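Values in this document were obtained by computation on a predicted structure and should not be read as measured data.
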Amino acid sequence: MGTIRENADIILYNTGLLERLNKIGTPHIIGSYRMDMMAWNDLDIDIENSDMSIEKLYELTDYIIKTFRPKWYEAKEEVTDEGKTVWFQGAEAVIEGELWNFDLWFFDRETIGKAESYCDGIAARTAEIPGARENIIKIKQELLRRGLYGYGEGKYISMDVYRGVLEQGITGIEDMLERYVPGENRI
């Protein structure tokens, strides 16, 4: 087994996931993969598609279920507060003996551009601070190990870790737990 990112590449390329998504729209890999700060087996992909439909969602569902045999799977259509229709598919599957989570969001180009800019900004700021990348990965992994990562009361998400490390100079898990309140002014 390689690094988390190398294993992600196997999922993206060897299983044909990116090839399949390219048939529906233009995939944009975002999140920790884009920033080269993967702390665990998690892929976030935004797909640019202006003509998504429930039929296309069903076809992709068939592919995901047959290819990955997920332990958990969700697909849905939503309307945002701005009145935009978005589509989501999420799955957790054991791939090469490891549990992986992947989230597929179908957005317009403007929304995807904002996500890419956010990721690129965090990556650029991280590159300016010696040790920040390693601290972010280490803190995220430890939060996950302690059951403190995710959505909900008293839990941290990636944005909390970025803010703690990049704006408050936090360098380790104990410092994070002592000085940073989850959800406080997320960036």
Side-chain angles (χ1 to χ4, degrees), residues 1-47 57-76 87-107 112 115-116 118-120 122-123 126-127 131-152 154-162 164-165 170-174 176-177 182 186:
M1 292 302 256
T3 66
I4 297 171
R5 186 172 171 126
E6 289 168 343
N7 293 338
D9 285 338
I10 291 169
I11 294 167
L12 293 167
Y13 299 101
N14 294 5
T15 67
L17 178 59
L18 273 185
E19 181 180 333
R20 179 64 184 215
L21 293 174
N22 266 310
K23 292 179 181 179
I24 298 172
T26 305
H28 299 260
I29 306 166
I30 60 162
S32 58
Y33 182 97
R34 182 178 180 96
M35 295 183 280
D36 195 23
M37 290 192 276
M38 294 189 79
W40 53 76
N41 300 342
D42 181 54
L43 279 170
D44 297 300
I45 305 171
D46 289 351
I47 300 93
L57 191 70
Y58 292 157
E59 288 173 13
L60 185 58
T61 295
D62 184 59
Y63 165 78
I64 297 289
I65 289 171
K66 287 179 178 173
T67 303
F68 297 105
R69 305 276 187 221
K71 294 181 168 296
W72 169 85
Y73 178 81
E74 179 181 11
K76 61 184 174 179
W87 309 82
F88 169 77
Q89 286 197 339
E92 288 184 353
V94 176
I95 303 167
E96 300 286 324
E98 294 184 348
L99 184 65
W100 276 84
N101 176 74
F102 42 100
D103 295 331
L104 310 174
W105 284 95
F106 296 83
F107 289 124
I112 293 171
E116 290 176 324
Y118 173 81
C119 290
D120 294 346
I122 294 295
T126 300
R133 179 181 178 276
E134 294 76 14
N135 290 335
I136 287 169
I137 292 170
K138 182 176 56 178
I139 291 168
K140 287 167 80 175
Q141 287 174 332
E142 187 59 25
L143 287 170
L144 184 67
R145 190 186 73 71
R146 293 181 184 202
L148 296 173
Y149 186 88
Y151 290 95
K155 296 211 175 191
Y156 297 82
I157 63 171
S158 294
M159 288 184 244
D160 294 320
V161 178
Y162 304 146
V165 172
I170 291 172
T171 60
I173 187 65
E174 297 308 324
M176 185 77 182
L177 297 175
R186 291 184 169 155

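- Two residues are said to be in side-chain contact when any heavy atoms from C-beta on lie closer than 4.5 Å; M176 and K140 fail this criterion.
- For the pair T26 and N22, the tightest heavy-atom approach, listed with the atom from each and the gap, is CA-OD1, 4.4 Å.
- Taking every heavy atom of both residues into account, P182 and Y156 meet most closely at CG-CZ, 3.5 Å.
- Here the side chains of M38 and D42 are not in contact, with every heavy-atom distance at 4.5 Å or above.
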Just do the side-chain contact (heavy atoms from CB on, under 4.5 Å) check on L177 and L148 with the steps written out, would you? CA-CA 10 Å; L177 297 175; L148 296 173; 3.7 Å; yes
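- One side chain, Y33 or D9, offers a donor N or O that lies under 3.5 Å from an acceptor on the other.
- The CZ atom of R145 lies 9.0 Å from the CD1 atom of I173; values are rounded to the nearest 0.5 Å.
- The aromatic rings of Y63 and F68 sit perpendicular, their planes meeting at an angle over 60°, well past the 30° parallel limit.
- A salt bridge between R34 and D44 is absent, with no side-chain N of the basic residue lying under 4.0 Å from a carboxylate O of the acidic one.
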Going through the distances and angles, do F102 and I95 end up as a side-chain contact (heavy atoms from CB on, under 4.5 Å)? CA-CA 11 Å; F102 42 100; I95 303 167; 4.0 Å; yes
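- In this structure the side chain of D160 reaches within 4.5 angstrom of the side chain of I157, judged on heavy atoms.
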Would L60 and L21 count as a side-chain contact (heavy atoms from CB on, under 4.5 Å) if you check the C-alpha gap in whole Å, the side-chain angles of each, and the deciding distance to 0.1 Å? CA-CA 8 Å; L60 185 58; L21 293 174; 3.9 Å; yes
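- Across L57 and A75, no two heavy atoms sit closer than the pair CD2-CB, 4.2 Å.
- The salt bridge (charged side-chain N to carboxylate O under 4.0 Å, His left out) check on D103 picks up nothing, with sequence neighbours excluded.
- To the nearest 0.5 Å, atom CD1 of residue I47 and atom CH2 of residue W105 are 11.0 Å apart.
- Counting only heavy atoms from C-beta outward, the side chains of N41 and I4 approach each other to under 4.5 Å.
- Closest approach of A91 to P70, counting heavy atoms only: CB-CB, 4.0 Å.
- Of the possible polar contacts, none joining the E74 side chain to the G90 backbone as a donor-acceptor pair under 3.5 Å is found.
- Looking at E142 and R146, a side-chain N of the basic residue comes within less than 4.0 Å of a carboxylate O on the acidic one, giving a salt bridge.
- Other residues, nucleotides and ligands contribute at most 12 non-hydrogen atoms within 6.0 Å of the CD atom of E19.
- Between T67 and L17, the closest side-chain pair of non-hydrogen atoms is not below 4.5 Å.
- Aromatic ring centres of Y149 and W40 lie closer together than 6.0 Å.
- Side-chain contact between N101 and W72 is present, with heavy atoms from C-beta onward closer than 4.5 Å.
- Contact record, D36 with R5: OD1-CD, 3.5 Å, taken as the closest heavy-atom pair.
- Between I136 and M35 there is no side-chain heavy-atom pair separated by less than 4.5 Å.
- Looking at residues two or more places apart in sequence or on another chain, you find no salt bridge (charged side-chain N to carboxylate O under 4.0 Å, His left out) involving E92.
- Between K155 atom NZ and L144 atom CG the span is 9.5 Å, to the nearest 0.5 Å.
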Could you go through the side-chain contact (heavy atoms from CB on, under 4.5 Å) check for Q89 and I64 one step at a time? CA-CA 9 Å; Q89 286 197 339; I64 297 289; 3.7 Å; yes
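- Residues W87 and I24 have side chains not in contact (no heavy-atom distance under 4.5 Å, counting atoms from C-beta outward).
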